[in-house]
2 protein chains.
Amino acid sequence: MGASSKPKAETAPSSIRKTVQGEIIRTVFEDARCPLSPREAHVLALQIQPRIGIATVYRTINRFIEEGFLAPVDIPGVGTHYEAVGGQHHHYFYCGGCGRVYVIPGCPGQISAMLPAGFRMERHDIVLHGRCRDCAGQ
Amino acid sequence: MGASSKPKAETAPSSIRKTVQGEIIRTVFEDARCPLSPREAHVLALQIQPRIGIATVYRTINRFIEEGFLAPVDIPGVGTHYEAVGGQHHHYFYCGGCGRVYVIPGCPGQISAMLPAGFRMERHDIVLHGRCRDCAGQ
DNA sequence: TTGTGTGCAAATTGTTTGCATCACG
DNA sequence: CGTGATGCAAACAATTTGCACACAA
């Protein structure tokens, strides 16, 4: 939220440092093929460096978001996930069978046609729910 | 999740009773023009009956969902909201200015065209973000 | 050396649950 | 009356924050 209205002083750092933990977490998201939850990212980071705390993961994720490296992905019913920004425009498919989140490239047109008069759209999220190829059979 | 694998015994009630609190909460959602968060529903219910606890609101909402009266609406970045089922197919618009959730009737076609081969879609959610008519000017 | 980032634990916030009690049917 | 529903508080889970210390620059 805004940083200028809170009396909290919010001492914004004047420079960002490169740290071992930060780079590990960055790598975890870069290597991930799908959006990760903070917990998943933490587990993966722990496999590389067994001392990273969950608080560091959260703080680093938030820093990465401000930095523009990560973007939040909210899947209804599941906690917030995060993914590295960079690919082309895409959406998500959540499999109710295995719980995995798939990235779906592309986008249906006509989205802005839904917009009521006078409204301004800055962004849109589409999440499909169902069964992925592996889970569809059952 | 499945109800048969847990050793919890989950004593499912064999009948559902009509109570004062339940009817108040039902009315709150019926009268609402937009999806409500549990907290919002609680505040509205308290205006009618000042003794309703937040736990009752949650329990009642979950009962209504199983009953098919309510459906969850997840708006990225905001907590889960709930709305009365019944209208025609629609989606949502979240205003970053005033925080209100608007219902948008209609739906862009071509959604299923995004689906990868072998995947089965059971449902889709679309959330638009931006500024509503009231907030667009600023 | 300076000040940012980390670890750990406590604090918050949102949601669920245990238990004694209430009240619908 | 018997069982489902309620209130309150404690329990949980997810995320943030305070503080002392470690370590980039």
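Values reported hereafter were calculated over all heavy atoms of this structure, with side chains retained and with hydrogens, waters and symmetry mates removed. Naming: A, B, ... by sequence-line order, numbering from 1 per chain.
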Can you tell me the distance, in whole Å, between the [atom1] atom of [X] and the [atom2] atom of [N]?
{"X": "A:Ile65", "N": "D:dT15", "atom1": "CD1", "atom2": "P", "value": "11 Å"}
{"X": "A:Asn62", "N": "C:dG5", "atom1": "CG", "atom2": "C1'", "value": "14 Å"}
{"X": "A:Ile24", "N": "C:dG7", "atom1": "CD1", "atom2": "C1'", "value": "14 Å"}
{"X": "B:Arg39", "N": "C:dT15", "atom1": "CZ", "atom2": "P", "value": "9 Å"}
{"X": "A:Asp74", "N": "D:dT15", "atom1": "CG", "atom2": "C1'", "value": "14 Å"}
{"X": "A:Leu36", "N": "D:dT15", "atom1": "CG", "atom2": "P", "value": "13 Å"}
{"X": "B:His42", "N": "C:dT15", "atom1": "NE2", "atom2": "P", "value": "13 Å"}
{"X": "B:Arg26", "N": "D:dA5", "atom1": "CZ", "atom2": "C1'", "value": "14 Å"}

Practice item. Check step by step if side chain to side chain donor-acceptor pair (under 3.5 Å) holds for B:Glu40 and B:Tyr82. Key: CA-CA 10 Å; B:Glu40 290 168 334; B:Tyr82 302 88; over 6 Å; no
Check your understanding: Is B:Phe119 close to A:Tyr102 at the side-chain level, that is, under 4.5 Å between some pair of heavy atoms?
Key -> yes
Study note, to complete from the structure: Counting primed atoms, P, OP1 and OP2 as sugar-phosphate and everything else as base, the B/S/- map of nucleotides 20-25 of chain D against protein heavy atoms under 4.0 Å is ---BBS
Review point. Any luck finding a side-chain donor-acceptor pair between A:His124 and B:His91 under 3.5 Å?
Key: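 No, no side-chain donor-acceptor contact under 3.5 Å.
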Does [X] use its side chain to pair, donor to acceptor, with the backbone of [Y] at less than 3.5 Å?
{"X": "A:Arg131", "Y": "B:Arg120", "result": "no"}
{"X": "A:Gln49", "Y": "A:Leu46", "result": "no"}
{"X": "B:Arg133", "Y": "A:Ala117", "result": "yes"}

Practice item. Name the residue closer to the 5' end of DNA chain C, choosing between B:Tyr82 and A:Ser14 according to the nucleotide with the nearest heavy atom. Key: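 Upstream on the strand: A:Ser14.
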Can you tell me if [X] touches the phosphate of [N], counting only side-chain N or O atoms and a distance under 4.0 Å to OP1 or OP2?
{"X": "B:Tyr58", "N": "C:dT16", "result": "no"}
{"X": "B:Gln49", "N": "D:dT6", "result": "no"}
{"X": "B:Arg51", "N": "C:dC22", "result": "no"}

Review point. Base, sugar-phosphate, or nothing: which does A:Ile54 touch, judged by heavy atoms less than 4.0 Å apart?
Key: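 Touches nothing.
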Practice item. For B:Ser15 and for B:Thr56, locate the closest nucleotide of DNA chain D by heavy-atom distance; then report the residue assigned to the nucleotide nearer the 5' terminus. Key: B:Ser15
**Study point:** Position toward the 5' end of DNA chain D (nearest nucleotide), B:Ile25 or A:Arg59
**Key:**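 Comparing both residues, the 5'-ward one is B:Ile25.
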Exercise for review: Would you mind checking if A:Arg63 and A:Glu66 are paired as a salt bridge, meaning a charged N to carboxylate O distance below 4.0 Å?
Suggested key: no
